[in-house]
Amino acid sequence: MTHQKHQKHQKHQAAYDFDTPVDRRGTGSVQWDGAADRFGRAGLLPFTISDMDFPSPPPVLDALRERIAHGVFGYTDWRLGPFREAISDWYVRRYATALDPERIVYAPSVLSQLSQLLRMWTRPGDGVVVHAPTYDGFRRTVTGLGRRLRPVVTGDGAGLERELARTDTKVLVLCSPHNPTGRVWTEDELKEFARLAGQHGAAVISDEIHADFVHDGHRHLPWTRFADDGERWAVVTSASKAFNFPALTGSYGIIGDPGERAAFIRRMETGEGLASPAVLSLTAHIAAYRHGADWLDAARGYVAGNLAMLEERLRSAFPALGWKPPQAGYLAWIDLRALGVDDEALQRELVEREGVAIMPGTVYGAEGFVRLNLGCPRSKAEAGADALVRALTRLG
């Protein structure tokens, strides 16, 4: 990070408090209250599910308060009002990408969009290609619908072409940026994905929910830049990840083909009974995209500090790992295979002796890894980093 960018982040961060912990216990939080169900022990300090411990941006909270004060929450249509315009304006400002508001659709979540699109574009038994390691939500959705998950190791171009060339492969699901690795795909990589999908007749669904949290030195390129409107494609995403309001539900998609877009909306409104969106989600999206950029830049800078802290501690304790922070997001994907540590033994150390919950890589189909959520105050991030180092040291 250059000195100028560092000063910019410091200026942004000074306007917001990311250091003060917020007690989330007793709120039904999956990360805090649900850790006992997943890890078998109550009271753990969690670094698990992909949400942050920071309050949502002040402009979002102000907009929600104003909407609640109105007091009337009748049926609402996402096509009325400024929802789509706020999204398209954000794409111009953030990504220098023109976006036709008419191409935007609404859905309760990114995974609900994925599920609906897979129902539209595949049949039971069809193959769906993903990059490995793989976000567990993709695995559950694809296999739950009776489709065949076909993982390809990230960076294996020959493997990707081989899987896409199979006659029963119908869809390529991208995670852009990638979860859990935090990788930001390059322009050349995205062009190659588009070429291969077009050559083999595979539809592309690009999950871009981590796009707004790309770190300095890297650039997210929306799939809309590479999509061929003569083919089946969709972007599925939400502001809820970067601005931390997933519990409000709500997401949006971008579908190029008018017929496919109409079919998607019809299925959501009839088959899924989506007569009205979550109005507070619309409110939050509009406020985040119109007034939340400063907060987002400050949050990215703060999280980058957490990741740099982890890098320093891992480098000091285990230089052989050579770990580097992710290119996007607040999830530290750590390859521990060089240490020869047993996954189950590490989890016992973390849970039983350190009292922390950290996701094992096996959740994403990768042994010898962990995923550590550092979207949190620095004091908590340091506690998690230190607990991991101590546990690894004892097993070394």
* To do: State whether the number of non-hydrogen atoms from other residues, nucleotides or ligands found under 6.0 Å of Glu367 atom CD is greater than 12.
  =>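 Counting other residues, nucleotides and ligands, CD of Glu367 stays at 12 neighbours or fewer.
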* Asked: CZ of Arg313: more than 12 outside heavy atoms within 6.0 angstrom?
  ->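 More than 12 heavy atoms, drawn from other residues, nucleotides or ligands, come within 6.0 Å of this atom.
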Salt bridge check, [Y] against [X]: does any charged N sit closer than 4.0 Å to a carboxylate O?
X: Arg140; Y: Asp136; answer: yes
X: Asp53; Y: Arg24; answer: yes
X: Arg94; Y: Asp297; answer: yes
X: Asp126; Y: Arg123; answer: no
X: Lys191; Y: Asp188; answer: no
X: Arg84; Y: Glu102; answer: yes

Could you tell me whether a side-chain N or O of [X] sits under 3.5 Å from a main-chain N or O of [Y], the two making a donor and an acceptor?
X: Thr362; Y: Gly365; value: no
X: His200; Y: Arg166; value: no
X: Asp343; Y: Gly361; value: no
X: Thr270; Y: Met268; value: no
X: Asp33; Y: Gly28; value: yes

Under a 4.5 Å side-chain heavy-atom rule over Ile, Leu, Val, Met, Phe, Trp and Tyr, are [X] and [Y] clustered together?
X: Tyr95; Y: Val184; value: no
X: Met309; Y: Val303; value: no
X: Tyr135; Y: Val153; value: no
X: Trp32; Y: Phe39; value: no

* Can you label the angle between the Trp90 ring and the Tyr289 ring as parallel, tilted or perpendicular, going by 30° and 60°? => parallel
* Parallel, tilted or perpendicular: which describes the rings of Tyr16 and Phe18, with under 30° parallel and over 60° perpendicular? ->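 Tyr16 and Phe18: tilted rings.
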* To do: Go through the side-chain N and O atoms of Glu260 and Trp121 and say whether any donor and acceptor fall under 3.5 Å apart.
  => yes
* Asked: Between the side chains of Tyr91 and Thr224, is a donor N or O closer than 3.5 angstrom to an acceptor N or O?
  -> no
* **side chain to side chain contact (heavy atoms under 4.5 Å, CB included) partners of Asp228, counting only residues at least two apart** => Glu231
